[in-house]
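These notes are about the structure you will find just below.
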Amino acid sequence: MKTIYILLTRSGTLLSNLVYAVTGANYTHASLAFDEDLSCLYSSTRKNGYTMFPAGPSREYLNRGVFRLRENVPCALYALDVSDEAYTRARRRAEHMMAHGSLYQFNVIGLALCGMHIRWKRRRHYFCSQFVATLLEECGAVELWKDPDLVRPADFCRLSALQAVHQGPLDVLMAAPT
């Protein structure tokens, strides 16, 4: 068995604040990591760390980019135990998407429609929670109760297979020994 980590945050960016205003959800962004120290996170988000576009599959780092723009970023970290095969498939898929990032886009329309509970599947287009949900489902790590195109970051809190590791400010999580 191996572990995949899911990090939920609310960064306070313009898009995060807009999603929060519309949904009232504690968390507006989802990322996943393949190591306990969260040295590299994977998601579909801004590619350069600060401006909203360009966006698509991106590696995120807790010590730079939007995670460092403000203090007390709310977060929740969950661990998901998966088979070695599911872990390998998920990691390979994430790395493939990063290596071929120009083939993928951020799913702006899907994000807006997800807020209205309308499924909008576009080939090679993902918003953050859709990216994480699709990756986990495609690799066989989880069976979701709804379509990945409708999964919001806060929905991961309801997934019974996840084990809560941390809930609170991101800077406290980053200061914790691994």
Side-chain angles (χ1 to χ4, degrees), residues 4-34 40-47 51-60 66 74-83 85-164:
I4 296 174
Y5 296 89
I6 298 168
L7 180 66
L8 307 177
T9 56
R10 189 175 78 234
S11 65
T13 62
L14 178 63
L15 183 57
S16 174
N17 288 339
L18 178 62
V19 171
Y20 178 67
V22 170
T23 66
N26 287 334
Y27 308 110
T28 58
H29 182 65
S31 309
L32 61 85
F34 296 99
C40 180
L41 297 142
Y42 298 84
S43 191
S44 183
T45 187
R46 59 191 74 229
K47 289 189 179 230
T51 61
M52 189 185 270
F53 294 104
S58 300
R59 287 181 182 90
E60 299 176 298
V66 297
C75 81
L77 178 64
Y78 293 92
L80 174 66
D81 292 330
V82 299
S83 68
E85 296 82 19
Y87 179 92
T88 299
R89 282 193 302 267
R91 187 165 201 151
R92 282 186 184 152
R93 180 74 172 130
E95 289 294 344
H96 171 83
M97 292 175 84
M98 299 306 125
H100 299 87
S102 62
L103 298 175
Y104 300 91
Q105 302 291 320
F106 188 79
N107 193 0
V108 177
I109 296 169
L111 175 64
L113 293 174
C114 177
M116 296 182 276
H117 307 286
I118 299 171
R119 183 178 177 268
W120 179 261
K121 177 75 173 163
R122 294 177 70 196
R123 186 170 185 248
R124 296 185 175 158
H125 285 70
Y126 301 94
F127 52 88
C128 65
S129 52
Q130 180 186 30
F131 172 90
V132 172
T134 300
L135 203 74
L136 292 175
E137 190 169 72
E138 283 181 354
C139 77
V142 295
E143 197 171 308
L144 299 171
W145 68 98
K146 63 177 164 178
D147 193 283
D149 305 338
L150 296 175
V151 173
R152 299 173 181 190
D155 289 335
F156 289 106
C157 299
R158 296 182 19 211
L159 195 57
S160 63
L162 297 181
Q163 302 150 9

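Partners of Arg59 by side chain to side chain contact (heavy atoms under 4.5 Å, CB included), not counting sequence neighbours, listed by chain and number: Cys40, Tyr42, Tyr61, Glu95, Met98. Qualifying side chain to side chain contact (heavy atoms under 4.5 Å, CB included) partners for Leu113, counting only residues two or more places apart in sequence or in other chains: Ile109, Met116, Ile118, Trp120. Shown here are the side chain to side chain contact (heavy atoms under 4.5 Å, CB included) partners of Arg93, two or more places apart in sequence or in another chain: His96, Met97, Tyr104, Tyr126, Leu135, Glu138. Residues that satisfy the side chain to side chain contact (heavy atoms under 4.5 Å, CB included) test with Leu80, not counting sequence neighbours, are Val82, Leu136, Ala141, Val142, Ala161, Leu162. For Asp147, the salt bridge (charged side-chain N to carboxylate O under 4.0 Å, His left out) test picks out Arg119, with sequence neighbours left out. Residues satisfying the salt bridge (charged side-chain N to carboxylate O under 4.0 Å, His left out) criterion with Lys121, sequence neighbours excluded, are absent altogether.
The closest donor-acceptor contact from the side chain of Ser16 to the backbone of Arg10 lies at 3.5 Å or more, if one exists at all. Panel note: side chain Thr23, backbone Ala25; a donor-acceptor pair is recorded below 3.5 Å. No donor-acceptor pair closer than 3.5 Å links the side chain of Arg152 to the backbone N or O of Ser129.
Within the 4.5 Å cutoff, side-chain heavy atoms of Cys75 are placed close to those of Leu7. Counting heavy atoms from C-beta on, the side chains of Phe127 and Phe106 come closer than 4.5 Å. Here the side chains of Pro74 and Asn26 are not in contact, with every heavy-atom distance at 4.5 Å or above. The closest side-chain heavy-atom distance from Asp155 to Trp145 is below 4.5 Å.
Residue Arg124 qualifies as enclosed at atom CZ: its count of foreign heavy atoms under 6.0 Å is above 12.
The minimum heavy-atom distance linking Tyr78 with Cys157 is given by the pair OH-SG, 3.4 Å. Between Ala133 and Phe156, the closest heavy-atom pair is N-CZ, 3.8 Å. In this structure, Leu8 and Ala30 approach most closely via the heavy-atom pair CD2-CB, 3.8 Å. Between His29 and Ser43, the shortest heavy-atom contact is CE1-OG, 3.3 Å. For the pair Val151 and Cys114, the tightest heavy-atom approach, listed with the atom from each and the gap, is O-SG, 4.1 Å. Pro148 and Leu144 get closest at one heavy-atom pair: CG-CD1, 4.0 Å.
Rounded to the nearest 0.5 Å, atoms CZ (Phe131) and CG (Asn107) are 13.0 Å apart. Here the OG atom belonging to Ser11 is positioned 6.5 Å from the CZ atom belonging to Arg46, to the nearest 0.5 angstrom. Here CD1 of Ile4 is found 5.0 Å from CZ of Phe34. Values are rounded to the nearest 0.5 Å. Interatomic distance, CG of Leu111 versus NE2 of His125, reported as 13.0 Å (0.5 Å rounding).
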